[in-house]
Number of protein chains: 2
Amino acid sequence: MTYNDASYKDKKVISIGTVSELTGLTERQIRYYESRQLIFPERTKTGLRKYSFQDVETLIEIANHLEEGVWTSEIRKELKKREQQLNNSNIRTNLIKGQINAHFKI
Amino acid sequence: MTYNDASYKDKKVISIGTVSELTGLTERQIRYYESRQLIFPERTKTGLRKYSFQDVETLIEIANHLEEGVWTSEIRKELKKREQQLNNSNIRTNLIKGQINAHFKI
DNA sequence: CGTGTAAGGAATTCTGACACG
DNA sequence: CGTGTAAGGAATTCTGACACG
């Protein structure tokens, strides 16, 4: 195993047209959510935006929240909170993985 | 968990320029290996090629083989063999996963 | 066999703005 | 606030071919 699968999820390689298809959102909407600091695509040297699968999932959640009438400012707060929880959870997950690997050595 | 991570690996969403960066191969080379039946990108309605992370990994292996002087026809045979083995291995892996899940129910 | 390149065209993406509300 | 659109330009990608060997 060269990579762990998580590296695929976070690698920014998808262009906006494909993200639009994957999420059902328009490019206009996707760019707007970036201006509202909800997602953070990378840029190629020439300025083209690149997104990750994680961004795609976040965008789908954003769309769901907006349909419920939640403001982007509120969504931003929740996404930040979630990211914090994720960090904590990963610490524990890695601990568990380490124990499992130590015992099984698959 | 909405998706399992494998779905990211096989989803064809990366355009050829990005694949070129990821692999260090020229677009010419990447298209040529397709003509030799070593990789199978999808196409958008308008004809643009889309690759998966799995394709990227395969391309890197192709490049390594070619450096060793192996012909594309030989590489094709090996890739087919490998795919067959992968199928068998997945059957067993899923069996094991099922057993683990049945006992731990994380 | 595997790869480079110039050629012309088609499809994608970018930004800033006007619009509605 | 969130989204649509027309506008003009820049960057990407495509195919078929000539070239070397």
Side-chain angles (χ1 to χ4, degrees), chain A residues 11-80, chain B residues 11-80:
Chain A
K11 199 128 195 176
K12 311 258 182 176
V13 296
I14 314 175
S15 48
I16 194 165
T18 303
V19 171
S20 173
E21 285 188 3
L22 255 30
T23 60
L25 299 168
T26 65
E27 301 186 6
R28 176 71 162 101
Q29 288 175 305
I30 297 168
R31 294 196 193 96
Y32 178 67
Y33 303 152
E34 175 184 3
S35 77
R36 299 306 326 241
Q37 308 262 61
L38 302 181
I39 48 173
F40 306 91
E42 292 182 356
R43 297 280 188 140
T44 66
K45 315 94 248 152
T46 53
L48 301 196
R49 273 170 266 247
K50 293 296 176 186
Y51 302 84
S52 65
F53 281 111
Q54 176 58 65
D55 291 328
V56 169
E57 294 204 359
T58 302
L59 282 167
I60 292 172
E61 288 195 52
I62 293 170
N64 291 336
H65 281 292
L66 284 171
E67 278 174 17
E68 294 169 21
V70 183
W71 290 338
T72 56
S73 55
E74 287 304 315
I75 299 174
R76 187 191 312 133
K77 288 179 198 165
E78 189 179 324
L79 286 175
K80 279 187 186 168
Chain B
K11 199 129 196 176
K12 311 259 183 176
V13 296
I14 314 177
S15 48
I16 195 165
T18 303
V19 172
S20 174
E21 285 188 1
L22 255 31
T23 60
L25 299 169
T26 64
E27 301 185 7
R28 177 68 162 104
Q29 290 174 304
I30 296 168
R31 293 196 194 97
Y32 178 67
Y33 304 151
E34 174 184 2
S35 78
R36 300 304 326 235
Q37 308 262 61
L38 302 181
I39 47 171
F40 306 90
E42 292 182 354
R43 297 279 188 141
T44 65
K45 313 94 249 152
T46 54
L48 300 197
R49 275 171 265 248
K50 292 297 175 184
Y51 302 83
S52 65
F53 280 111
Q54 176 59 64
D55 291 328
V56 170
E57 295 204 358
T58 302
L59 283 168
I60 292 171
E61 288 196 52
I62 293 170
N64 291 336
H65 281 291
L66 285 171
E67 278 175 17
E68 295 169 19
V70 183
W71 289 338
T72 56
S73 55
E74 288 304 314
I75 300 174
R76 187 191 312 132
K77 288 179 198 164
E78 188 180 324
L79 286 175
K80 277 187 188 168

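Here is the naming used below: chain letters follow the sequence lines, and residue numbers restart at 1 for every chain. Keep in mind the model is a prediction, meaning the values are calculated, not measured.
With both pairing distances under 3.5 Å, D:dC18 is matched to C:dG4 as a Watson-Crick or G-U wobble pair. Nucleotide C:dA10 forms a Watson-Crick or G-U wobble pair with D:dT12, both donor-acceptor distances falling under 3.5 Å.
As rounded to whole Å, 18 Å separates atom P of C:dT12 from atom CD1 of B:I14. B:I30 places its CD1 atom 14 Å from the C1' atom of C:dG2, with the value rounded to the nearest Å. Rounded to whole Å, the distance from CG on B:L48 to P on C:dA10 is 14 Å. When rounded to the nearest whole Å, the span between CD1 of A:I16 and C1' of C:dT15 equals 12 Å. If you take CD of A:E67 and P of D:dG2, they are 14 Å apart, rounded to a whole angstrom. As rounded to whole Å, 9 Å separates atom P of D:dT12 from atom CD of B:E21. The interatomic distance linking A:E34 (CD) with C:dT13 (P) rounds to 14 Å, in whole Å. Per the geometry, NZ belonging to A:K45 stands 14 Å off P belonging to C:dT13, to the nearest Å.
Under 4.0 angstrom from either OP1 or OP2 of D:dT13 there lies at least one side-chain N or O belonging to B:S15. A sub-4.0 Å separation between OP1 or OP2 of C:dT12 and a side-chain N or O of B:T46 is present. Look at B:R43 and you'll find a side-chain N or O under 4.0 angstrom from OP1 or OP2 of D:dT15. Between A:Y33 and D:dT3 there is a side-chain polar atom (N or O) within less than 4.0 angstrom of OP1 or OP2. The side chain of B:T26 places an N or O atom within less than 4.0 Å of a non-bridging phosphate oxygen (OP1 or OP2) of C:dG4.
Nearest nucleotide to the A:L66 side chain, out of C:dC14, D:dG2, D:dC14: D:dG2.
A distance-only check finds a donor-acceptor pair linking the side chain of B:K12 to the backbone of B:F40 [under 3.5 Å]. B:S20 places a side-chain N or O within 3.5 Å of a backbone atom of B:L25 that can act as its donor or acceptor partner.
In the model, A:S52 has a side-chain atom that pairs as donor or acceptor with a side-chain atom of A:D55 under 3.5 Å.
For A:R28 and D:dT5, a side-chain-to-base donor-acceptor distance below 3.5 Å is present, hydrogens and geometry of angles not being considered.
Using a 4.0 Å heavy-atom distance criterion, A:T44 is classed as making no nucleic acid contact.
Salt-bridge annotation for A:E21 and B:K50: absent, with no side-chain N of the basic residue lying under 4.0 Å from a carboxylate O of the acidic one. Salt bridge A:E74/A:K77: present, at least one basic N to carboxylate O contact under 4.0 Å.
Of the residues near DNA chain D, B:R49 and A:Y32, the one whose nearest nucleotide (by heavy atom distance) lies more toward the 5' end is A:Y32.
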